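Right, one structure below, let's go through it.
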Protein chains: 2
Amino acid sequence: MRRSTRKEQEPDLGVLAVQLSARVQREIFARAAEQGFDDVRPRHGAVLAYLDEEGIRPGELARLAGRNKQTMGAIIDELERLGYVRREPDPADRRARLIVPTERGLRVMVASDQYVRDIEQSLSARLGADRYAEFRAALVQAAASLPASGHDTEG
Amino acid sequence: MRRSTRKEQEPDLGVLAVQLSARVQREIFARAAEQGFDDVRPRHGAVLAYLDEEGIRPGELARLAGRNKQTMGAIIDELERLGYVRREPDPADRRARLIVPTERGLRVMVASDQYVRDIEQSLSARLGADRYAEFRAALVQAAASLPASGHDTEG
DNA sequence: AAGATATAGTCCAAAAACTTGACCGTCCAA
DNA sequence: TTGGACGGTCAAGTTTTTGGACTATATCTT
């Protein structure tokens, strides 16, 4: 069998991982756009995924999302301009800032968490709860068995 | 528990998929670089993953990798300049081209397939062959249950 | 307490990546 | 045999990421 056909019909772990990640992302942003969050793009996911009600530092966001600090700063700029987050001083460290969600930011957090839960539940229904739980555990182990990004600050 | 902590400690499907995909990619390119393929970047993966000994069309590559034709053309330009592929006429259709791997291209295909197999086997050893097989099957279903990219040409 | 060093975040310029729209040649079906 | 679709490319513009430098504050060492 031709390699390209094989990769399509019996995709390897790399191909599968890329596909799953792209499709989950796509689904989330499609739904978000439908519900009025049509000004956020996939890039913003790096921040939105880890935003915190109590505020979180840019550097911490960068670490969690595997981006460097400059990129994260640029994404935050945009989300601030779009009205999803505010920069506030961090009382614990005067060098630092806290990225705090606005009202709209809180709503997109809640909504996107719901989209992911929907995807997870739909998959759980398809596979059965037991198999889904096993799948999820295996996914965690798979990710954990490989080294992380190694950007500026690393998690 | 804070949302950001929760996302780190009990990552959802979206986070896990992104992590796995990034780490597998990273691992492959790190190993490739070690073995002398230090001029390919992650971007080139879209082509290298689907290259074919017998040649494959740019449009087909674009479909498989979920990029549009222009992006694919640019990646092919680079890989051609780097000596991994050649553009040849397609005897079956005078509009079309065939992207054919060079000697070096063949070597990187073999090598990267091996890296992925190594990752898969290491994970299989960690989980046990049965659980790994189940994991892989679930991954296929998960990816298949979500719509694909929807670019220019779509698969 | 002072100085050295590290850390948090930002600015700027450049490189890399992707998108949009147009275009030419070839195929194919009415 | 002509009109529309397809395969691929070109060129321009936008978005995204990177690399290097810089300020301010914190922390560590003596």
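The analysis underlying the following values was restricted to heavy atoms, covering all of them including side chains, and did not include hydrogens, waters or symmetry mates. All chains are named by letter (A, B, ...) in the order of the sequence lines, taking the proteins before the strands, and each is independently numbered beginning at 1. All figures in this text were calculated on a predicted structure; none of them were measured in a lab.
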Describe the nucleic acid contact of A:E78 in one word from base, sugar-phosphate, nothing, applying a heavy-atom distance below 4.0 Å.
sugar-phosphate
Base C:dG21 paired with B:Q70 side chain (donor-acceptor, <3.5 Å):
yes
Looking at A:R81 and A:D39, is there a salt bridge between them, counting it only when a charged N and a carboxylate O are closer than 4.0 Å?
no
If I take atom CD1 in residue A:I75 and atom P in nucleotide D:dT15, what distance separates them, rounded to the nearest angstrom?
14 Å
Does the side chain of B:R94 get closer than 4.0 angstrom to OP1 or OP2 of D:dG8 through an N or O atom?
no
I want to verify a distance call: between C:dT20, D:dG7, C:dA17, whose nearest atom is closest to the B:R41 side chain?
C:dA17
Salt bridge or not between A:E80 and A:R87? Use side-chain N to carboxylate O under 4.0 Å.
yes
So what does B:D93 hit on the nucleic acid, given a heavy-atom distance under 4.0 Å: a base, only sugar-phosphate, or nothing?
sugar-phosphate
Calculate the interatomic distance between B:M72 atom CE and C:dA17 atom C1'; express it in whole Å.
13 Å
For the pair made of CG in B:D77 and P in C:dA16, what is the distance, rounded to whole Å?
15 Å
Transitive ILVMFWY side-chain link B:Y84 to B:I75, under 4.5 Å:
yes
Phosphate contact (C:dT19 OP1 or OP2) by B:R67 side-chain N/O below 4.0 Å:
no
So does B:R95 reach the base of D:dC6 with its side chain, donor to acceptor, closer than 3.5 Å?
yes
Of the candidates D:dG8, D:dT9, C:dA8, the side chain of B:R87 sits closest to D:dT9
Could you state the NZ-C1' distance from B:K69 to C:dT20, rounded to the nearest angstrom?
13 Å
Ignoring hydrogens and angles, are the base of D:dT16 and the side chain of A:R43 linked by a donor-acceptor pair under 3.5 Å?
no
Would you name the heavy atoms of B:V116 and A:G14 that are closest together and state the gap between them?
CG1-N, 4.2 Å
Apply the test side chain to side chain contact (heavy atoms under 4.5 Å, CB included) to residues A:R97 and A:I76: give CA-CA distance (whole Å), side-chain angles for both, the deciding distance (0.1 Å), then the verdict.
CA-CA 12 Å; A:R97 307 284 190 99; A:I76 293 169; over 6 Å; no
In this structure, how many angstroms lie between the C1' atom of D:dC6 and the CZ atom of B:R97, rounded?
15 Å
Using heavy-atom distances to pick each residue's nearest nucleotide on DNA chain D, tell me which of B:E60 and A:T71 is more 5'.
B:E60
In whole angstrom, what separates B:I76's CD1 from C:dA17's C1'?
15 Å
Rounded to whole Å, please give me the gap between CG in B:N68 and P in C:dA22.
16 Å
Whole Å only: how far is the CG atom of A:L82 from the P atom of D:dT15?
12 Å
